[in-house]
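Everything on this sheet refers to the single structure shown next.
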Amino acid sequence: MTLLGKTAIFVTEMENSRKMLLAIDFDHTLIDENSDLWVKRLAPDGKLPDHIEALYSSTGWTEYMGSIFQYLYDIGIKEDDIRKCMEEILLTEGMADLLKYCNDKSYEIIIISDSNSVFIDMILEHTQLQKMVTKVFTNPAFFDDAGCLKIEYYHHQDWCDLSTINLCKGNILQSYLEKRGEEGINFDYIFYIGDGTNDFCPALTLKETDYVCPRINFRLWKKIQKLKNPESSESSKEELPQLKAQILNWSSGLDILEQIKQLE
Ligand SMILES: Cc1ncc(COP(=O)(O)O)c(C=O)c1O
Ligand SMILES: [Mg+2]
């Protein structure tokens, strides 16, 4: 083969290697359950005292989860019980294939979740996905010296009404992109994959070339459906926020994988 021929092959390979980022939500996206709600089954009959249930707020559930962990500790639940409980949760269909494929292609995979680092680590370890994930952004958690699970805010935020007070996924995503940009990495395509209302803020930060991937029949999907069909919603067109990204609805990780393969 001539030198020119080798160069031509090299250039073609370079052109084909697109830089992609998969930003994945955890509860009801990577896993097919809400890990925070799942842990409640460790309480007697799966029921918590009313004064703990009363702490739940849709603007932030960190105090609520902290009280659940304290209660579970008080009734004798140990770290190992929590680990076994987390290990029962199944991954969402097609997600293991999606991650494996993207990892083999050296695409970057990050998780952004309002669960906590202990649950996510336990599940990633059990499902052997840990080494495929570049970074996990979530509320820090740890077992204290006595063995009680403690949870802290990821950050304290007051700039975003679409997010909880402890974690704004849009800010996390944009800060990550900025940091990678400074390191010389700019992604050709970003796939943001989620299910919940807390995934709407990061969806709004995406560009025209990116993809927001709402799980079909879940809250993010319903919200985006309303946005795209304003006549069926009560709000007027002017009030609606602008979503620039392309929309890829999914019910299996394989739906997303199919689109990724088309872009390569
Ligand atoms: C208690 C609780 N935990 C976690 C979540 C969502 O977590 P994630 O960001 O991983 O989907 C919710 C969403 O409403 C929730 O109510
Ligand atoms: Mg979710």
Side-chain angles (χ1 to χ4, degrees), residues 22-43 46-48 52-72 82 85-86 89-95 98-99 109-124 127 129 133 135-141 149 151-155 157 160-173 176 191-205 212-224 249-253 256:
L22 261 72
I24 311 185
D25 163 55
F26 193 67
D27 293 311
H28 284 299
T29 299
L30 185 60
I31 60 168
D32 210 5
E33 290 291 342
N34 180 316
S35 52
D36 282 350
L37 303 184
W38 187 263
V39 81
K40 290 202 224 175
R41 60 186 50 220
L42 291 173
K47 288 215 167 12
L48 295 166
I52 296 182
E53 283 298 358
L55 293 174
Y56 181 81
S57 163
S58 58
T59 59
W61 43 80
T62 318
E63 281 79 12
Y64 171 69
M65 292 314 301
S67 300
I68 293 178
F69 301 154
Q70 183 64 52
Y71 173 76
L72 293 176
I82 294 180
C85 179
M86 286 299 123
I89 302 179
L90 298 179
L91 295 173
T92 304
E93 189 194 323
M95 281 296 163
L98 175 65
L99 263 65
I109 300 166
I110 61 170
I111 290 175
I112 311 179
S113 163
D114 208 342
S115 179
N116 70 75
S117 59
V118 164
F119 287 179
I120 296 175
D121 284 349
M122 285 174 170
I123 294 170
L124 290 181
T127 53
L129 296 177
V133 177
K135 191 142 175 58
V136 176
F137 297 92
T138 189
N139 304 299
L149 184 53
I151 181 169
E152 293 167 355
Y153 281 24
Y154 176 79
H155 53 202
Q157 71 90 12
C160 178
D161 291 343
L162 297 169
S163 303
T164 53
I165 50 171
N166 57 291
L167 192 137
C168 169
K169 295 189 180 190
N171 173 272
I172 292 171
L173 178 62
Y176 186 71
F191 284 75
Y192 185 88
I193 308 164
D195 74 291
T197 41
N198 63 352
D199 298 307
F200 191 54
C201 169
L204 291 175
T205 70
V212 55
C213 310
R215 188 172 183 186
I216 294 171
N217 284 334
F218 284 71
R219 283 190 179 156
L220 177 65
W221 178 81
K222 287 178 187 159
K223 217 170 157 67
I224 291 176
N249 300 318
W250 65 278
S251 49
S252 158
I256 300 160

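Each ligand, and each atom within it, is numbered from 1 in the order the structure gives. Computed from a predicted model, the values in this text were never measured in an experiment.
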- Query: Relative to the ring of F119, is the ring of F69 parallel (under 30°), tilted (30 to 60°) or perpendicular (over 60°)?
  - Reply: perpendicular
- Message: Salt bridge check, E33 against R41: does any charged N sit closer than 4.0 Å to a carboxylate O?
- Response: no
- Going by an N to O cut-off under 4.0 Å, is there a salt bridge joining D32 and R215?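 Salt bridge between D32 and R215, a charged N being under 4.0 Å from a carboxylate O: yes.
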How far does [atom1] of [X] sit from [atom2] of [Y], to the nearest 0.5 angstrom?
X    : Y    : atom1 : atom2 : value
M122 : I82  : CE    : CD1   : 6.5 Å
D27  : D195 : CG    : CG    : 7.5 Å
I193 : L220 : CD1   : CG    : 11.5 Å

Identify the closest protein heavy atom to [atom]: which residue and atom is it, and at what distance?
atom                    : value
atom 7 (O) of ligand 1  : D27 OD2, 3.0 Å
atom 3 (N) of ligand 1  : D36 OD2, 2.6 Å
atom 16 (O) of ligand 1 : Y56 OH, 2.8 Å

- Do other residues, nucleotides or ligands put more than 12 heavy atoms under 6.0 Å from Q157 CD? yes
- Message: Quick one about S115 and S113 (side-chain donor to acceptor, distance below 3.5 Å, no hydrogens or angles considered), yes or no?
- Response: no
- Query: In the shown structure, where waters are left out, how many protein N, O or S atoms lie under 2.8 Å from the Mg ion (ligand 2)?
  - Reply: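 For the Mg ion (ligand 2), the figure is 3.
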- Task: Would you indicate which of S113, S58, S163 comes nearest to atom 10 (O) of ligand 1 when only heavy atoms are counted?
- Result: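 Ranked by closest heavy atom to atom 10 (O) of ligand 1, first place is S113.
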- Query: So which of W61, F26, F218 gets nearest to atom 6 (C) of ligand 1, if we judge by its closest heavy atom?
  - Reply: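 Checking each option, the heavy atom nearest atom 6 (C) of ligand 1 is found in W61.
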- Query: Cation-pi between R219 and W221: NZ/CZ under 6.0 Å from ring centre and within 45° of the ring axis?
  - Reply: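 No cation-pi geometry.
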- Within 45° of the axis and under 6.0 Å from the centre of the six-membered ring of F218, does NZ or CZ of K222 qualify? no
Which ligand 1 atoms, with their elements, are less than 4.0 angstrom from a heavy-atom of [X]?
X    : result
D25  : 8 (P), 9 (O), 10 (O), 11 (O)
K169 : 8 (P), 9 (O)
N34  : 2 (C), 3 (N), 4 (C), 5 (C), 12 (C), 15 (C)

- Message: Do T29 and T92 make a side-chain contact, defined as non-hydrogen atoms from C-beta onward lying under 4.5 Å apart?
- Response: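 No; the side chains remain at least 4.5 Å from each other.
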- Message: If we only consider heavy atoms of Y64, is any one of them less than 4.0 Å away from an atom in ligand 1?
- Response: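 So Y64 does not count as touching ligand 1.
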- Item | ligand 1 contact on T138 by region, counting heavy-atom pairs under 4.0 Å | neither
